[in-house]
Protein chains: 2
Amino acid sequence: MSDLRERRKLRTANTIRVAAVNLVHAQGLDNVTTDMISEAAGISPRTFFNYFRYKEAALLPPTPVFEQNAVNRFLVSTAPILDDLVELIIPLTQFFSENPAMFRKLFEISQAHPKLVMLKINAFHEFEDMVRLVIAKRLKMKSDADKPSLIAALVTTGIRVAMESWANHGTGSADKEIERTFSEMKTIFAQSDQTAP
Amino acid sequence: MSDLRERRKLRTANTIRVAAVNLVHAQGLDNVTTDMISEAAGISPRTFFNYFRYKEAALLPPTPVFEQNAVNRFLVSTAPILDDLVELIIPLTQFFSENPAMFRKLFEISQAHPKLVMLKINAFHEFEDMVRLVIAKRLKMKSDADKPSLIAALVTTGIRVAMESWANHGTGSADKEIERTFSEMKTIFAQSDQTAP
DNA sequence: TTATTTGTTGCACATACTGCAATTTCTGCA
DNA sequence: TGCAGAAATTGCAGTATGTGCAACAAATAA
C-alpha cells in the first residue's frame, strides 16, 4: 500500500508550511517570495504549487475534518442543537490548544496582513459550509434551507469570536472560552426581548 | 473647488465597475484581464490600478458608510440594542434593494468564483469592524472588548445570511428578510435553553 | 528485474501588480 | 483669457504569481 507515500507527502507539506510561517513571521508577507519558501523547504519552486495553489495557502492551518463517530452521535442526539454543535466542534480546536505557539504565530501573521485576514475569514466560511451540511442532515432539511444556514452561521461566528478572544487575551483553555462565548450569546438574544439595554 | 474633479473620479470608478461586472458576468473571472476591462472602460491599463488595488476590487460594491444622524440616534437610544442595530443597518441595504438587477448579477458572479466569495466575506468582515466600533461607543466599552465584538459578529452574520436568503429565494423586500432572520435567530437561542430540538 | 503509477522538476509563458518619470488635464487666480 | 501649479493619466520597465506541459526520477507492484 502507498501509506509511505502518503506520509511523505504530509511531511513535505508540513515542511513547506513551517518554512513559510517562519519566513513570513520574520520578514513579512510581501518580502517573502515563493522561491524563498521553496529554497528554505528544499523543494523546487514549481513543486511549491503542487502542494499549495497560492502562496498564502501555506500560511493557513489545514482544513479541519469531523470525526465520523462524533458526527453519528450528533445526528441522532435530541439534546439542544447548539450544545451538541459545540461538543462536535470543540475537538477540532485541539490542534490549536496543543500548539499555542504556532497558533499565536499564525494569529500574529494573519492580523498583520489584510490578505491573510481575508483568508482566515474564508477558512471559517468554508467551515461554516461543512457545519451547515451536518445540521441539515440532522434536521432532515435541504442543506440550503434558511434554518440550517442560519444556525451554521451563528455557531461558526461564535467559534470565531471565541478564538479571537482567546488569542487576544484568553487565559484559560480554548474550550472554556468557547463555552463562555456561547452563554454570552444566549444572554444577548434574551435581552433583546426586553426593553432596557 | 474641486467638486467636479471628485465627481469625475466617481464617474470613472463607476465606468470601470460596470465594465468589469459585465465582462466578468459574460465571460468568467479568469477569462477577463485587467487590460480588457481598461479597454472597455476607455482608460489605460495603468489607470485601472490607480482606482482599484486589484482586479477583483472592481467587482465589489463600494464600502457602505453610516449616516451620521442615524449613528447619533443609535448612540443614545435605550431600546434593545439588536433592534436598534437592525434599524441602523437597514438603510445601507437600499443600494441593493433599489438595484436588484445589479445585486443579483454581483451575487451570481460571486458565487461562481472562490476568490470572489472570499472577497465578499471579507467585505462583511470589514463591515463587522465598523459595527463593532459604534456598539462599543454606545456601551461605553473598549472596542476590542468581548461583548461589542460578539454583538457585532452576530448582527453582521444575521445580515449576511438574510441577504443570501434573499438572493437565493427571497420574494418580498430585503428589509422583511432581515426582520425574519433576526426573529428566527432569537428562536434558535431560546430553544437552546430547553431540551427538545 | 521490469512495468506502471506517482511525484518532481525545468522551461516557457500569461497575467497581476508596482515604481517612476513624462505628459496631459484640470483648477484657481491674475 | 491665459498662465502657474496641482492632480490625474499614461507608458515603460521590471518583479512576482501561477499554469501547462513534457521530461525525468522514484516508489510500488508484478
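In the text below, chain A, chain B and the rest are named by the order of the sequence lines, each starting its count at 1.
Within the structure, every side-chain polar atom (N or O) of A/Tyr51 is placed at least 4.0 Å from both OP1 and OP2 of C/dG7. Between D/dT9 and B/Ser44, no contact under 4.0 Å exists linking OP1 or OP2 to a side-chain N or O. Here B/Lys9 reaches the OP1 or OP2 of D/dA8: one of its side-chain N or O atoms lies under 4.0 Å away. The shortest distance between the side-chain N/O atoms of B/Arg8 and the OP1/OP2 oxygens of C/dC26 is below 4.0 Å.
At whole-Å resolution of the value, CZ in B/Arg53 and P in D/dT17 are 16 Å apart. Look at CD on A/Glu39: it is 17 Å from P on C/dT8, rounded to the nearest Å. In this structure, B/Asn50 places its CG atom 14 Å from C1' of C/dA21, rounding to the nearest Å. Remark: C1' of D/dG18 and CG of B/Leu29 are 14 Å apart, rounded to the nearest angstrom.
Of the two residues contacting DNA chain C, namely B/Glu56 and A/Pro45, the nearest-nucleotide position lying further toward the 5' end is that of A/Pro45. Positionally, the nearest nucleotide of DNA chain C for A/Thr47 lies more toward the 5' end than for the other of A/Thr47 and B/Phe48.
Ring geometry, B/Phe127 versus B/Phe124: the interplanar angle exceeds 60°, so the pair is classed perpendicular (tilted spans 30 to 60°).
A salt bridge is defined here as a Lys NZ or Arg NE, NH1 or NH2 lying under 4.0 Å from an Asp or Glu carboxylate O, and A/Asp84 with A/Arg73 fails to meet this definition. With respect to B/Glu128 and A/Arg160, a salt bridge is recorded, a charged nitrogen being found less than 4.0 Å from a carboxylate O.
Checked against side chain to side chain donor-acceptor pair (under 3.5 Å), A/Glu184 has the following partners two or more places apart in sequence or in another chain: A/Arg180.
With hydrogens and angles ignored, a donor-acceptor pair closer than 3.5 Å exists between the side chain of B/Arg46 and the base of C/dG19.
In the set D/dT10, C/dC26, C/dT15, the nucleotide with an atom closest to the side chain of B/Thr33 is C/dT15. Candidate nucleotides C/dT5, C/dT9, D/dT9 were compared by shortest atom distance to the side chain of A/Arg5, and C/dT5 ranks first.
Counting non-hydrogen atoms under 4.0 angstrom, B/Asp35 reaches nothing in the nucleic acid.
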